[in-house]
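Working notes for the structure below.
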Amino acid sequence: MQLAREELEQAYRQMKTIREFEDHLHREIAKGTIGGFTHLYGGQEAIAVGVCENLRDTDYITSTHRGHGHCIAKGCDVNGMMKELYGRADGLCKGKGGSMHVADMDVGMLGANGIVGGGPPLATGAALAAKLDGKGGVALSFGGDGSCNQGPVFESMNIAAILNLPSIYVYENNRYSEHTGASYVIASESIASRVEGFGIHTVKANGFDFFEVHEVMKELIAKCREGNGPCAVEFETTRFYGHFEGDPQNYRGPDEVKNDRENNDCVKIFRSKVTEAGLLSDEDLDKIDNEVINLIETSAEEAAAAPAPSPEEVTTDVYVSY
Amino acid sequence: MQLAREELEQAYRQMKTIREFEDHLHREIAKGTIGGFTHLYGGQEAIAVGVCENLRDTDYITSTHRGHGHCIAKGCDVNGMMKELYGRADGLCKGKGGSMHVADMDVGMLGANGIVGGGPPLATGAALAAKLDGKGGVALSFGGDGSCNQGPVFESMNIAAILNLPSIYVYENNRYSEHTGASYVIASESIASRVEGFGIHTVKANGFDFFEVHEVMKELIAKCREGNGPCAVEFETTRFYGHFEGDPQNYRGPDEVKNDRENNDCVKIFRSKVTEAGLLSDEDLDKIDNEVINLIETSAEEAAAAPAPSPEEVTTDVYVSY
Amino acid sequence: MAKMSYREALTETLHQEMANDENVIVMGEDVVGGTGSAGGPEAIGGVFGVTGGLFGKFGAERVIDMPISEAGIAGTAAGAALAGKRPVAEIMFSDFIGLCMDQLMNQAAKFRYMFGGKATCPMVLRTTYGAGMQAASQHSQSPHPMVTAIPGLKVAMPSTAADAKGLLTTAIRDDDPVIFFEHKTLYGLQGDVPEGDYLVPFGKARIVSEGNDCTLVATGRMVSFCEDAANALSADGITCDIIDPRTTSPLDEDAILDSVEKTGRLIVVDETPPRCSFAADVAALAASEVFSSLKAPIKTVTGPHSPVPFAKELETAFLPSPVKIKTVIEQTVNFS
Amino acid sequence: MAKMSYREALTETLHQEMANDENVIVMGEDVVGGTGSAGGPEAIGGVFGVTGGLFGKFGAERVIDMPISEAGIAGTAAGAALAGKRPVAEIMFSDFIGLCMDQLMNQAAKFRYMFGGKATCPMVLRTTYGAGMQAASQHSQSPHPMVTAIPGLKVAMPSTAADAKGLLTTAIRDDDPVIFFEHKTLYGLQGDVPEGDYLVPFGKARIVSEGNDCTLVATGRMVSFCEDAANALSADGITCDIIDPRTTSPLDEDAILDSVEKTGRLIVVDETPPRCSFAADVAALAASEVFSSLKAPIKTVTGPHSPVPFAKELETAFLPSPVKIKTVIEQTVNFS
Ligand SMILES: Cc1ncc(C[n+]2csc(CCOP(=O)(O)OP(=O)(O)O)c2C)c(N)n1
Ligand SMILES: Cc1ncc(C[n+]2csc(CCOP(=O)(O)OP(=O)(O)O)c2C)c(N)n1
Ligand SMILES: [Mg+2]
Ligand SMILES: [Mg+2]
């Protein structure tokens, strides 16, 4: 926990922002205000934030269908994201992308991705670009436990290994791909053991603890910047909500989510760690909570009131020129 | 070497048939008589034969672009194959398939395959069928070192492992995929170590020695029949000819092929082993040689003289019914 | 006849065919749902609920949850079919077909031909398609033209609950590989469905309505859009033949051409972008075969040459609509 | 002008563009050839020899031998393009496009749109296509309709050595993803090629020849087949416009439509099977836009609805030929 006060505050603010963003969507989607398929990140915040606090704007990430957390952690504008989810003209992607395609090139966020396993090949390419640029940049892909069964993901890890690319593969194992248990669909002992088979240095870590995530990633990313080639991490984690909004979750154990919310809530864990260590006070954190709640409320109100895209926009932005 | 005399003769006959088949094609293609892309199996015979001598007609194999050896070893009719390569109407595939698509459902040969990595998913499916049929059948895919970088190949191995299928993955590492060295494109220490990462029992073995191949496969296939799930083998081997006919092979070491022909010729090695052990005599083997040479000559003559398909055949056999 | 939804018709068919033939197996992501989960299997029966109840009745050997490995799923199905099974594999969204296109275009589609007519590959690949749920660019596509173009594949696209049953039964019993497209907005559509064994032959169009002035050809959700457009015009005395080909491959060319010979006018409606589309395909057919009967330009009503957008307003702008179709019918009928 | 082959024109372009812009990188299977081999790298420079000499000049960082991982190759290229590079990736045979279709259809093609116009993906995917070498079903296809159908992609298909250079230069400098089809039988074709910087704009057809009686539209190898067919008829006083669109996306609709308005007749020649094809696409365009000018049915000359066979006699039967085209021209011109 050798983080400066501002770093701790920033980390907490980011985690809390993701949490509130997702909680807001959960309520709003139930009302039918927001369309499309939405997958919430609630419960996994420590990973997105613990990872991205070690990255620069010039580093790249690719994300997944469950991408809001990664986007916020990498620095996407929350108001722009909220408007995007509401399908507004001045959403981050002009309302064309929606939840599964939030992106922001300016902060190195190469897109959420509706294709499970879609991100890692792209991150591998971004890592190739970073290597050629020679400025110590890295590219990192987030993926779920389910994504580790996709062929293109293996192909990219092999490519990153043979080309010694600064590419980092983060697997968030939240035990399920949709409704299917990870232990059933993944033949190997773990994701990590399988990735190691590619000759890629791989670590297993606790994704409930921001500090563990942060520390593990700090070391791995630093090595990657120095030209030591690709690496990977498998984080243990949980999701608080269903696979998609509307999922009744009857494939989960009777008290599984309840237990996770009580004992494995990464935001709570962060809070108790920093307060117990006397690094931040409950007041400090409550203040951030209020700021975040405010931010989300305001951004939701603005998004709700913002204008929809005009129908002609349907055919713009297909090409740079055509 | 606990093989009966007839088994030894049969093994030798098969290896020699492949060798002569390929040598004939090598000469013939140079003359321009045979069209298309042809990849010769010469040098790798011990693997195809050592594997397939352990299989039944009701077991399945899938093959590769370099498929003649697998086809002959699995029991495809040599005359039908020869005619197929000459593009004749009564070729094994009516002249529609050619070298890269020889197949014979009657002997469980599910096809050579022009797509590198195309076979393993199919073999996995055939293994699923075999498992459901419950008669102890197995399915086996052959693949080159280059094929182990294809995503669908990984996907199938994982599927076979989670479903505990009687599926066997044979990798013939002849050091090259086309002109590229295996050590460069395969990130892991070996193919075997990577496959093991999928929780699949994997063996490395010497593919120059028929007896080693046969023994290793005998055990693996037997276990597979008993329901122990998938397994894999990486065989060390070499190809005597270029990647395709016409390949000048300047990516190979100066004396590499010469050395392989002298010291790693699996047919020669078989011959000296069985004669030294007094299991078969030179006369026994010479007799087989002559029979094989005769067979190939006759089949080539017949193929050359056989009628071409009639043009209307271009649109038949697309569907069972349409 | 029983009243049921498109979804229920599909589920019933799967139950019937699995009971009829033990070679029929079902496989895909979450087709059981919950395998290996804390709550146990059969949590969901497919994300759209189509495979519900199969696991309970036919067990884990024949109803198989698969990893997220589309190429592996399609390849395993193709291999099992080559080895005598009748797999019904599910690719959750047809947008993911790009991940298993090789297994379809180079393997399943070509076995029979490449192997000289000596192999069969009786697999069905069920998949959802279509826009209308704000599912955005990667979950709203209609890639049926891509597979219709591939010799060796058959392509079915039911637009009613009855056809859902009849075409799926035919698909499962067919000895060739079939790509079966289910429109995600139609799952709840109710209709009368024949009980027991019910087969709708491939390559035989459904004549949805008959008229004199114009032929409309459409599949899936677009059929009802055409009906709405035509109904809105009947007051003006304009009547249309509406033809739902049901299968784009094989295509009932005769039904289409006979109709165009009668009406002299053709409009093809499809929700894909326009290029190299099924709409263009049908238009080209008529322009070649019944040219002399044509009284007006052949028109297509399709999405624009752009991906499917997320925002409701944009998605609506992307899609054909009864209003857009009606306008084109009027222009075509009034052409001179 | 310099006399050189289609292959040499492509090689020269790659050399020029790599020298011009350090963001241009080349990657694919055996594009160096021999990496990691006993004989050392630069053994071959692509199995068709197109990337020869690049490794020696630009080194291993920018000329990259890749594993047999088509999805990985296309995905890596798309990601590198998103991050500012201009990758020129090679997929050895376009038949393998099914292995990387997701990276093309759902990733590269859609970034710009999904991300609200804020991303660019300036990648080129070079690939070979076409029948005529007895390469059989999995090495002879022409899947350009599949990618022409996808909004967000551009598709180029040079038919001459000059266009090979001009279109590839344009492709590499273009900010959108381009699929670049090289016909495997044309690599040896000689032609005059402009020296230095030479760009052929996308969406601008080449008017191969001018005539009055019929419009022929064709790309790639089929262009010369059309020329042969037209030449065989000139003695009879029948003359044709031959139009090579050069890029199927964007398509020079004006050139095609202007010509059909003049001739009143259209034949589209392509070597794919007929369904949902580029031939159907062009036919549908004309049937919609210049109906009143048409004097005869619009015909397409394509392969049949079957895979490409191996045997020489069958492959010849599969392909369009000057003789088949000539017959269709005669029928069209004599239609009444
Ligand atoms: C290629 C592809 N296949 C299937 C899906 C449908 N799908 C969406 S999310 C998902 C599960 C993903 O599981 P995991 O990778 O563990 O991520 P998580 O949802 O747990 O975050 C599936 C199957 C998809 N979007 N893309
Ligand atoms: C999907 C695919 N990619 C590329 C090729 C071109 N190709 C044919 S064989 C080959 C090399 C295969 O190497 P390996 O698997 O080691 O088999 P070997 O040729 O050594 O027997 C390549 C790249 C192909 N046929 N299919
Ligand atoms: Mg998960
Ligand atoms: Mg090899």
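No hydrogens, no waters, no symmetry mates; every other heavy atom, side chains included, goes into these values. The chains referred to below are lettered A, B, ... by the order of the sequence lines, with proteins before strands, and numbering in each begins at 1.
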*Starting from the C-alpha separation in whole Å, work towards a yes-or-no answer on side-chain contact (heavy atoms from CB on, under 4.5 Å) for A/His101 and D/Lys110.*
CA-CA 10 Å; A/His101 309 298; D/Lys110 292 185 169 56; over 6 Å; no

*Walk me through it: do D/Asn106 and A/Asn113 pass the test side-chain contact (heavy atoms from CB on, under 4.5 Å)?*
CA-CA 9 Å; D/Asn106 282 326; A/Asn113 209 310; over 6 Å; no

*asked:* Let's test your reading of the structure: which of D/Pro67, D/Ala60, D/Ala78 forms the most heavy-atom pairs below 4.5 Å with chain A?
replied: D/Pro67

*Atom CG of D/Asp174 and atom OH of A/Tyr322: how far apart are they, to the nearest 0.5 Å?*
11.0 Å

*Taking A/Leu122, A/Asp106, A/Thr62, A/Thr316 one by one, which has the highest count of heavy-atom pairs under 4.5 Å against chain D?*
A/Leu122

*Looking at A/Asp317 and D/Lys118, does any basic side-chain N land under 4.0 Å from a carboxylate oxygen?*
no

*Which distance, rounded to the nearest 0.5 Å, do you find between the CZ of D/Arg62 and the CG of A/Leu132?*
8.5 Å

*Can you say whether D/Glu70 sits under 4.5 Å from chain A via the side chain, the backbone, both, or neither, judging by heavy atoms?*
backbone

*Okay, side chain of D/Asp176, backbone of A/Val320: is any donor-acceptor separation there less than 3.5 Å?*
yes

*For A/Ser321, is it the side chain, the backbone, both or neither that has a heavy atom under 4.5 Å from a heavy atom of chain D?*
both

_Could you measure the distance from the OG atom of D/Ser69 to the CD1 atom of A/Ile159? Nearest 0.5 Å is fine._
5.0 Å

_Contact origin within D/Glu61 toward chain A - heavy atom pairs under 4.5 Å_ = both

*For side-chain contact (heavy atoms from CB on, under 4.5 Å), just list the numbers for A/Leu163 and D/Met66, CA-CA rounded to whole Å, side-chain angles, deciding distance to a tenth of an Å, and then say yes or no.*
CA-CA 9 Å; A/Leu163 301 181; D/Met66 294 291 269; 4.2 Å; yes

*For the candidates D/Pro122, D/Ser249, D/Gly116, which exhibits the highest count of non-hydrogen atom pairs separated by less than 4.5 Å from chain A?*
D/Gly116

_For the interface with chain D, which of A/Val102, A/Thr124, A/Ile115, A/Leu165 has the highest count of heavy-atom pairs at distances below 4.5 Å?_
A/Ile115

_chain D contact via A/Ala123 - which portion, at a heavy-atom distance below 4.5 Å_ = neither

*Which bit of D/Ile64 comes within less than 4.5 Å of chain A, counting heavy atoms only: side chain, backbone, both or neither?*
side chain

_Which of D/Ile25, D/Asn23, D/Leu82 touches chain A most, by non-hydrogen pairs under 4.5 Å_ = D/Leu82

*Under 3.5 Å, is there a donor-acceptor pair between the side chain of D/Tyr113 and the main chain of A/Gly97?*
no

*Would you mind telling me which of D/Gly117, D/Pro250, D/Ala80, D/Gly72 has the largest number of heavy-atom pairs within less than 4.5 Å of chain A?*
D/Pro250

*Which bit of A/Leu110 comes within less than 4.5 Å of chain D, counting heavy atoms only: side chain, backbone, both or neither?*
both

*Measure A/Tyr319 against the heavy atoms of chain D and call it side chain, backbone, both or neither at under 4.5 Å.*
both

*Heavy-atom distances under 4.5 Å only: say whether D/Thr247 touches chain A with side chain, backbone, both or neither.*
neither

*Tell me, with the steps shown, if D/Lys85 and A/Asp133 meet side-chain contact (heavy atoms from CB on, under 4.5 Å).*
CA-CA 9 Å; D/Lys85 298 295 148 197; A/Asp133 288 337; 2.7 Å; yes

*asked:* Between D/Phe202 and chain A, with a heavy-atom cut-off of 4.5 Å, which part of the residue counts as in contact: side chain, backbone, both or neither?
replied: neither

*asked:* Between D/Ile68 and chain A, with a heavy-atom cut-off of 4.5 Å, which part of the residue counts as in contact: side chain, backbone, both or neither?
replied: neither

